[in-house]
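This report refers to the structure that appears directly beneath it.
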Amino acid sequence: MLEIKDIHTYYGESYILQGVSLELQKGELVTLLGRNGAGKTTTIKTIMGFLIPRPGAIHFKGREITGLRPHQIARMGMGFVPEDRRIFSSLTVLENLNLPVVGGGSDGWSLDKIFEHFSILEERIRHKGSELSGGEQQMLAIARILRSGAELLLLDEPTEGLAPFLIRTIEGIMKEIKKSGMTVLLVEQNIHFATEVADRHYILYGGKIAYHETNQEFKGNEEVKRKFLGI
Ligand SMILES: Nc1ncnc2c1ncn2[C@@H]1O[C@H](COP(=O)(O)OP(=O)(O)O)[C@@H](O)[C@H]1O
Ligand SMILES: [Mg+2]
């Protein structure tokens, strides 16, 4: 589904990703972990085409996408929920959910299915985006991407700043996303959440992937958690 081969990404003269490689098979839910500033968001932005790696190559569904523009990549079926949860604040929840999303395939979730899993959004259906709490905005941003029918989701810290009950809701949604066969690359700081939902983990450290293993192995590996994540 996604193959990243030895990407190097800079901001001006700052050398951030120093040879990152990873791959996701169809249907997998894989995390990208790492401390603050490790380059997780930079990796997501490079995959989505907001930053161009030099050198490095990215393949999505077998096609090289390196150098394509973000909207072209989105149109191929890659959905992205950024850290800052982009929704339309002057539109209602329902309007947000009914707006076409770039990349819209035919397999997007129906409104019924969205409300089944995001009951909080159904309760707020006539509220404007600006009237929602941070957690509700996050739900709406995820729901919008699920409406699009994207095959690969890139989620940048979806649980950040959320109350525990909302994290549990997102956990349930992740499991449902997995069931429906979508592939997910999840950037996370919440290790408990990450190990509840993921099949495998990659850890970014020093601009490279310092560790990649199954969820089973990672869960019990306290040394790796201490060394690369500081926990
Ligand atoms: N727009 C930018 N310009 C310059 N440096 C940046 C920019 N965005 C991030 N960085 C730097 O790149 C490094 C990785 O940032 P980021 O990918 O956001 O880390 P993470 O998401 O893992 O917390 C950090 O040192 C950060 O300061
Ligand atoms: Mg980040």
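When a ligand or atom number is given, it counts from 1 through the structure's own listing order. Just so you know, residue 1 is the first one in the sequence shown, and it goes up from there.
Of all atoms in ligand 1, listed by their number and element, those nearer than 4.0 Å to a heavy atom of N36 are 23 (O). Atoms of ligand 1 lying under 4.0 Å from any heavy atom of R35, numbered from 1 in the order shown and given with element: 22 (O).
Note on ring orientation: taking the six-membered ring where Trp is involved, the planes of H8 and Y15 are parallel (angle under 30°, cut-offs 30° and 60°). In this structure, Y202 and H212 have parallel ring planes: the angle between them is below the 30° cut-off, well short of the 60° mark.
For atom 5 (N) of ligand 1, the closest non-hydrogen atom on the protein side is Y11 CD1, 3.4 Å. Ranking the protein heavy atoms by distance from atom 24 (C) of ligand 1 puts G37 O, 3.7 Å first. Taking atom 12 (O) of ligand 1 as the reference point, the nearest protein heavy-atom neighbour is I16 CD1, 3.3 Å. In this structure, the protein non-hydrogen atom closest to atom 17 (O) of ligand 1 is T42 OG1, 2.5 Å. With hydrogens left out, the protein atom closest to atom 19 (O) of ligand 1 is G39 N, 3.2 Å, a heavy atom.
At least one heavy atom of A38 sits closer than 4.0 Å to an atom of ligand 1. Not a single heavy atom of E83 lies less than 4.0 angstrom from ligand 1.
With contacts defined as side-chain heavy-atom distances shorter than 4.5 Å, the pair T183/L2 does not qualify. Residues K225 and F218 have side chains in contact (heavy-atom distance under 4.5 Å, counting atoms from C-beta outward). Looking only at side-chain heavy atoms (C-beta outward), F88 and E95 stay at 4.5 Å or farther from each other. Using a 4.5 Å heavy-atom threshold, the side chains of S180 and W109 count as touching.
Side-chain atoms of T214 and Q216 include no donor-acceptor pair closer than 3.5 Å. A donor-acceptor pair shorter than 3.5 Å can be found between the side chains of T9 and T46.
Protein heavy atoms come within 4.0 Å of atom 9 (C) of ligand 1. Within a 4.0 Å radius of atom 27 (O) of ligand 1, the protein contributes no heavy atom.
With rounding to the nearest 0.5 angstrom, the CG atom of L140 is 12.0 Å from the CZ atom of R124.
At a heavy-atom cutoff of 4.0 Å, ligand 1 is contacted by both the backbone and the side chain of T41.
Taking each of E13, K45, K40 in turn, the one with a heavy atom nearest to atom 22 (O) of ligand 1 proves to be K40.
The Mg ion (ligand 2) has T41 among its coordinating residues (N/O/S atom, backbone or side chain, under 2.8 Å).
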